[in-house]
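Have a look at the structure below before the remarks.
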Amino acid sequence: MIRDNLTMLTDFYEITMANGFLEQGVGEKEAVFDMFFRNIPDGGGFAIMAGVAQLVDYLKNLKFTDNDIEYLRNKNLFSEKFLEYLRTFKFSCDVWALEEGTPMFPGEPIVTVKGPAIQAQFVETMVLVTINHQSLIATKSNRIARAAEGRTVAEFGSRRAQSYDAAILGARAAYIGGAHGTACTISEQLFGIQTYGTMAHSWVQMFNDEYSAFKAYAETYPDSCLVLVDTYNVLKSGVPNAIKVAKEVLEPMGKRLKGIRLDSGDIAYLSKKARKMLDQAGLKDCIIMASNSLDEYIIRDLMLQNAKIDAFGVGERLITAKSSPVFGGVYKLVAVEENGELAPRIKISENIEKVTTPGFKSLYRFYDKDTNAALADLVTLHGETIDENAPYTIFHPVYNWKKTKLTNFYVKPLLKKIFDKGVCIYEEKSLDEIRDYCLKEVSTLWEEVLRFENPHTYYVDLSKDLWNLKSQLLDKYTY
Ligand SMILES: Nc1ncnc2c1ncn2[C@@H]1O[C@H](COP(=O)(O)OP(=O)(O)OP(=O)(O)O)[C@@H](O)[C@H]1O
Ligand SMILES: O=P(O)(O)OC[C@H]1O[C@H](OP(=O)(O)OP(=O)(O)O)[C@H](O)[C@@H]1O
Ligand SMILES: O=C(O)c1cccnc1
């Protein structure tokens, strides 16, 4: 790592604004910021929340060192009062976030920070980079895992990740979204994610011929022998040599050939041919793994071609979310203390979709009582309650003529408090619990929302009171 303490990982304007807020006497005013996003990567129907555990680590360890303060002093921009504030800095905000693994939708608050303006503003950059990155990869991984229809997906992308953090945390996020494991060893050490591994072409090239290479591997790892068969020629050399090793080396030891990996060529064609050859040799239990620039689109295509693949190794297109590589979460001020009360703030835009939803808010998910299907999400003013025993009307955030009456539902509040006045109250969960929760919650979404292309737009509506507040502010600030 470049540094353990990431307090100074912030856009410089957060520091100039913090100093300015203090100088102007507004630094201690209570402010509320929401993180939300507007577009789902790959045009999908939903995204997956991830990165909260790393955000918690950052917030728990916020501390300006003497070095940081000296560096800032040397900029000749900041007051001594501000530098002293930083020296004794103590995080004291309330923070709420969606649980990791939660399917989430554009326009809803996914993280809310409430506290002294100077602090709530300062953490913007890290809130965004942490949640944006891991949510991007978890969302991509969920698409890939769904395309693979239950077949094993191993994350193989470390070498192509955009930095080592992106490799380590990308493996974590990929697991949350549905990948079964990773080739990234440190991610198993740190997070307990199952490692997967086969062999590189260099192993095969290291020996005089392919058979000797496979034989050497089988002798070293008789219980987990999965060989890479495309170094020379898959069908004429790789698969026959794999079969020969299974018969001549492994079977006499009472062991089985675990699998072969295809890493080039027409994977559908080669996998079908290889499957036949393996089956005819009595190796029905030998799995076929495929890799080579895979993603959800190619995997889906391979499934349509009836490719005989049991496991997918997915690298660059997963770890970089190559086809849609930005998660555009933003962090906006939604309320500020005025005369001892929180006054809502709005950001107006020519583009109606970009107008922010003002105020300190809560978020609920409505589920059908009989089927447990997710019906809609509802953004309310903070503290609004919902009577589950009466019909409830929700309002489209933009078009006032669009409203929906929901019946026969139950609701779950989605934002969990993770810091209370700066004290961490986050309940840590194991990565397996998070992954299970993610897959279970994705299964509550309508099939139409799960579609890869042109999915149905899931409702993220407003309560009546919030809708009224938003239109009052729109009236006030439009000219
Ligand atoms: N049957 C198939 N249907 C759809 N896509 C496929 C199929 N087989 C392979 N692909 C994909 O096509 C692309 C082919 O990659 P590439 O051009 O590198 O060819 P290659 O045969 O792997 O060559 P190289 O030996 O240089 O790796 C990869 O993304 C691979 O996953
Ligand atoms: O294509 P990706 O989805 O990123 O999957 C990972 C790739 O990384 C390896 O190739 P590399 O050429 O780096 O090494 P190798 O010699 O072991 O194949 C592996 O063989 C895959 O092709
Ligand atoms: O173990 C493998 O087969 C592997 C690991 C990383 C990248 N490509 C392949």
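We count ligands from 1, going down the list as the structure has it; atoms in each ligand are counted the same way. Just so it is clear, the model here is predicted, and its values are computed rather than measured.
Taking 4.0 Å as the cut-off between side-chain N and carboxylate O, K440 and D436 do not count as a salt-bridged pair. Looking at E251 and R256, a side-chain N of the basic residue comes within less than 4.0 Å of a carboxylate O on the acidic one, giving a salt bridge. Under a 4.0 Å N-O distance rule, the pair R300/E296 does not qualify as a salt bridge. With respect to the salt-bridge test (charged N to carboxylate O, under 4.0 angstrom), the residues E316 and R159 do not qualify. Ion pairing between a basic and an acidic side chain is recognised when a charged N comes within 4.0 Å of a carboxylate O; D34 and K332 show no such pairing.
A ring pair (Phe, Tyr, Trp, His ring centres under 6.0 Å) with F122 holds for exactly one of Y13, F12, F64; it is F64. For the ring pair (Phe, Tyr, Trp, His ring centres under 6.0 Å) with F419, the lone residue among W96, Y426, F91 that qualifies is F91.
Among all protein heavy atoms, the one lying closest to atom 3 (O) of ligand 2 is G315 N, 2.8 Å. Here the protein heavy atom with the shortest distance to atom 8 (N) of ligand 1 is I267 N, 2.9 Å. Shortest contact from atom 8 (N) of ligand 3 to any protein heavy atom: F156 CD2, 3.7 Å. Protein heavy atom closest to atom 24 (P) of ligand 1, with residue, atom name and distance, is S264 CB, 4.1 Å.
Atom numbering of ligand 1 starts at 1 in the shown order; those under 4.0 Å from a heavy atom of G265 are 8 (N), 9 (C), 20 (P), 21 (O), 22 (O). Listed by number with element, the atoms of ligand 3 under 4.0 Å from a non-hydrogen atom of R159 are 6 (C), 7 (C). The ligand atoms of ligand 3 that sit less than 4.0 angstrom from a heavy atom of A183 are 5 (C), 6 (C). For ligand 1 and A268, the ligand atoms under 4.0 Å from any heavy atom of the residue are 1 (N). Distances below 4.0 Å separate heavy atoms of G197 from the following atoms of ligand 3: 1 (O). Of all atoms in ligand 1, listed by their number and element, those nearer than 4.0 Å to a heavy atom of Q305 are 1 (N), 2 (C), 3 (N), 4 (C). Near S293, meaning under 4.0 Å from one of its heavy atoms, ligand 2 places the atoms 1 (O), 2 (P), 3 (O). Residue-ligand proximity, T198 to ligand 3, at heavy-atom distances under 4.0 Å covers atoms 1 (O), 2 (C), 3 (O). Within ligand 1, the atoms closer than 4.0 Å to a non-hydrogen atom of L302 are 1 (N), 2 (C), 3 (N), 7 (C), numbered from 1 in the order shown. Interface atoms of ligand 1 facing L294, defined by a heavy-atom separation under 4.0 Å, are 31 (O). The distance from ligand 2 to the heavy atoms of E316 drops below 4.0 Å at these ligand atoms: 2 (P), 3 (O), 4 (O).
In this structure, atom 28 (C) of ligand 1 is in close contact with the protein, since a protein heavy atom lies within 4.0 Å of it. The presence of a protein heavy atom under 4.0 Å from atom 22 (O) of ligand 1 is confirmed. Distance check for atom 12 (O) of ligand 1: every protein heavy atom is found at 4.0 Å or beyond.
If you check the side chains of S323 and R317, you find no donor sitting under 3.5 Å from an acceptor.
Heavy-atom separations between R159 and ligand 2 include at least one value shorter than 4.0 Å.
The shortest N or O to N or O distance between H201 and ligand 2 is below 3.5 Å. When only interatomic distances are considered, the shortest N/O to N/O separation between I298 and ligand 1 does not fall below 3.5 Å.
By the criterion of a heavy-atom distance under 4.0 Å, the side chain of R160, and not its backbone, is placed next to ligand 2. With a 4.0 Å cut-off on non-hydrogen atoms, M199 does not touch ligand 2 at all. At a heavy-atom cutoff of 4.0 Å, ligand 1 is contacted by both the backbone and the side chain of N292. Using a 4.0 Å cut-off between heavy atoms, R261 contacts ligand 2 through its side chain alone, with no backbone atom that close.
No donor-acceptor pair closer than 3.5 Å links the side chain of R160 to the backbone N or O of G315. Between the side chain of E14 and the backbone N or O of V123 there is no donor-acceptor pair closer than 3.5 Å.
Among pairs with a residue in residues 213-258, those fulfilling ring-ring contact (aromatic ring centres under 6.0 Å, His included) read W203-Y217, Y217-Y221, at least two apart in sequence or across chains.
Atom 1 (N) of ligand 1 has its nearest heavy-atom neighbour, among L262, D266, D263, V314, in D266. The heavy atom nearest to atom 22 (O) of ligand 2, considering only T320, D263, D230, is found in D263.
Contact record, S224 with K258: CA-CD, 4.0 Å, taken as the closest heavy-atom pair.
Within a 6.0 Å radius of CE in M206, other residues, nucleotides and ligands contribute 12 heavy atoms or fewer. K322 NZ: 12 or fewer foreign heavy atoms inside a 6.0 Å radius. By the 6.0 Å contact criterion, NZ on K247 is enclosed, its count of non-hydrogen atoms from other residues, nucleotides or ligands being greater than 12.
Residues satisfying the side chain to side chain donor-acceptor pair (under 3.5 Å) test with D266, not counting sequence neighbours, are none.
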